[in-house]
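Whatever order the structure lists ligands and atoms in, that order sets their numbers, starting from 1. Position 1 is the first residue of the sequence, and the numbers go up from there.
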Amino acid sequence: MSALSAPSRTAQIRALALLDPLAACAPLAALLRDLFGLVPENLRINLDQYSLNSLNGFFETPEGAFFFKFHQEEGEEGMTGEYYRADILSRAGLPVDQPVHVSTLPGEQILVYRKREEPRFSDVLRALDIADDAAVRVSAVAAESALSRRLTATYLATLHPITQQEANAEPIHRLFHERLVDRPGDGGPPRYPGGRLKDFYLGQSFALPGMELSWEDLSARRFRVNGRTYARPLAELFDAAEARLRPERLADAGGVVAHGDAHNANVWLTPTRKGPRLTFFDPAFAGANVPSLLAEVKATFHNVFAHPFWLYDPALATGWFNAVARLEPGLLVVDTDWALSPVRTALLDVKAREVWRPLLAALSARELLPADWREVVRLGLFLCPTLVMNLRAGARSHTPVSSLIGLSVAVMAGSAPLDGADMVTRFLDSIDPGRGQAEAGRPIEEGH
Ligand SMILES: Nc1ncnc2c1ncn2[C@@H]1O[C@H](COP(=O)(O)OP(=O)(O)O)[C@@H](O)[C@H]1O
Ligand SMILES: [Mg+2]
């Protein structure tokens, strides 16, 4: 078989790997030999049980240990893949891991990276959530701060007006708006509600501590969390996100070069003599025209508000935190002791001061800051937890307690409280270019 028929070979390898990963190793080794001239030894496939699109693993050669990754492309043109996107980031001055071998074939890229032995930043932060250690925390926050300065330099250097077509062409929308809609096969307009919103929630029943609610009921209630009532119920937030996060509407704030999906499980933490250094990887959603108000949303939600534990370790969150609920007319009344840990609070403060605030100030100075920027940022933050994994207890790993914490945090991100300021509101106040530096520079306290 020649390398030219590789797409069908990769399809066969994927199919085989799902049934029997060991049996897929021989054809995979042959493919790596034909494409790259490698003679892999000790080839192992890691199958991600949740993603049929993801096939990766490790192998060795006399030159060292490697990680390989099959990357299926949705846009069929050759130049859309991860390699091309890593190059955009690297040329804009961002630290990003680069593959050592790439094969770009229609519909599929195969990438080979050097195998990394260091932890992901997410692993280091999770350990700090479990047991805070001041010295490790300070060095982690310093690393975040150094990365933030590079991000801001890149954002300010690359900020530019974008057309609606350019905004539309960015893959980042697959993390946001695309998850709300179905795309009919005939290329007609997207249908709302659809996508993950429909698959995860519509028509479903929600087990919360001490009660079970239908989606119709739950999604129409206002949340009151620890005494603070949130203006917009879940259904209203999804509707608002569908309308405002349409790709072309996001062109109004210009575009930047950004990774777009820089949650810390896509960031390596490399120890150096000068302290830990952070490097991005997995830039599948990166681009040169990323709508600037979306660029930092994923990193802000998934590295801060998604922790400690409730999003990625629901069982741990259930043991660690309390969350109870009761009904009042029109309300879901929640009480919880969930709160950010010290390292998450510190990371939010860095993100606010060193990235968001200068970015928004630049947008404002360039007359690219829409009047409703808070709404855009809030709705983006809201879609992060709700449409990344199913928040419904029992659907995957969520329990009634972690589900209730998750839904509450999602509402706190998406909606302003009717009165007072919670942690998300204080965060937005702190980055608002319309507010004075002294007021905005105040650290964001932890709170409910
Ligand atoms: N170069 C590498 N060396 C070792 N492990 C890696 C390497 N690149 C990725 N991994 C591991 O594989 C996981 C998935 O890889 P990633 O590139 O993030 O793909 P995706 O998130 O699209 O599945 C990472 O979270 C990391 O644990
Ligand atoms: Mg990843």
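Contact analysis puts Trp268 in contact with ligand 1, with a non-hydrogen atom separation below 4.0 angstrom. Within the structure, the closest approach of Phe66 to ligand 1 does not fall below 4.0 Å when heavy atoms are considered. Close to ligand 1: Arg114, with a non-hydrogen atom less than 4.0 angstrom away.
With hydrogens and angles disregarded, no donor-acceptor distance shorter than 3.5 Å links the side chain of His307 to the backbone of Leu340.
Of all atoms in ligand 1, listed by their number and element, those nearer than 4.0 Å to a heavy atom of Phe58 are 4 (C), 5 (N). Below 4.0 Å from some heavy atom of Tyr113 lie the following atoms of ligand 1, by number and element: 1 (N). The Lys69 neighbourhood of ligand 1 comprises atoms 16 (P), 17 (O), 19 (O), 22 (O), with distances under 4.0 Å to a heavy atom of that residue. Distances below 4.0 Å separate heavy atoms of Arg120 from the following atoms of ligand 1: 25 (O), 27 (O).
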Assess the residue pair Arg232 and Glu375 against the criterion (salt bridge (charged side-chain N to carboxylate O under 4.0 Å, His left out)); give the C-alpha distance rounded to whole Å, side-chain angles, the decisive distance to 0.1 Å, and a yes or no. CA-CA 12 Å; Arg232 300 170 99 181; Glu375 163 93 341; 2.8 Å; yes
Between Gln98 and Tyr113, does the side-chain hydrogen bond (donor to acceptor under 3.5 Å, both in side chains) criterion hold? Intermediate values first, please. CA-CA 7 Å; Gln98 298 275 11; Tyr113 290 88; over 6 Å; no
Does the salt bridge (charged side-chain N to carboxylate O under 4.0 Å, His left out) test come out yes or no for Arg426 and Asp429, once each step is laid out? CA-CA 5 Å; Arg426 285 196 297 273; Asp429 288 347; over 6 Å; no
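Residues Phe121 and Trp268 keep their aromatic ring centres 6.0 Å or farther apart.
Some N or O of Arg116 is nearer than 3.5 Å to an N or O of ligand 1, by distance alone. Below 3.5 Å of separation, one finds no N or O of Glu82 facing any N or O of ligand 1.
By the criterion of a separation under 2.8 Å, the protein N/O/S atoms near the Mg ion (ligand 2) amount to Asn266 OD1, Asp282 OD2.
For Tyr83, the OH atom counts as loosely surrounded, since its 6.0 Å shell holds 12 or fewer non-hydrogen atoms of other residues, nucleotides or ligands.
Only the backbone of Ala265 comes within contact range of ligand 1, with a heavy atom under 4.0 Å; no side-chain atom does. Within the 4.0 Å heavy-atom criterion, the part of Asn266 lying near ligand 1 is the side chain and not the backbone.
A search for side chain to side chain donor-acceptor pair (under 3.5 Å) contacts involving Tyr192 returns Asp239, not counting sequence neighbours.
The only option from Arg183, Arg191, Arg196 that meets the salt bridge (charged side-chain N to carboxylate O under 4.0 Å, His left out) definition with Glu178 turns out to be Arg183. For the side-chain contact (heavy atoms from CB on, under 4.5 Å) with Pro291, the qualifying choice from Glu248, His173, Glu166 is His173, the only one to do so.
If you check the side chains of Thr425 and Arg378, you find a donor sitting under 3.5 Å from an acceptor.
Note on ring orientation: taking the six-membered ring where Trp is involved, the planes of Trp356 and Phe427 are perpendicular (angle over 60°, cut-offs 30° and 60°).
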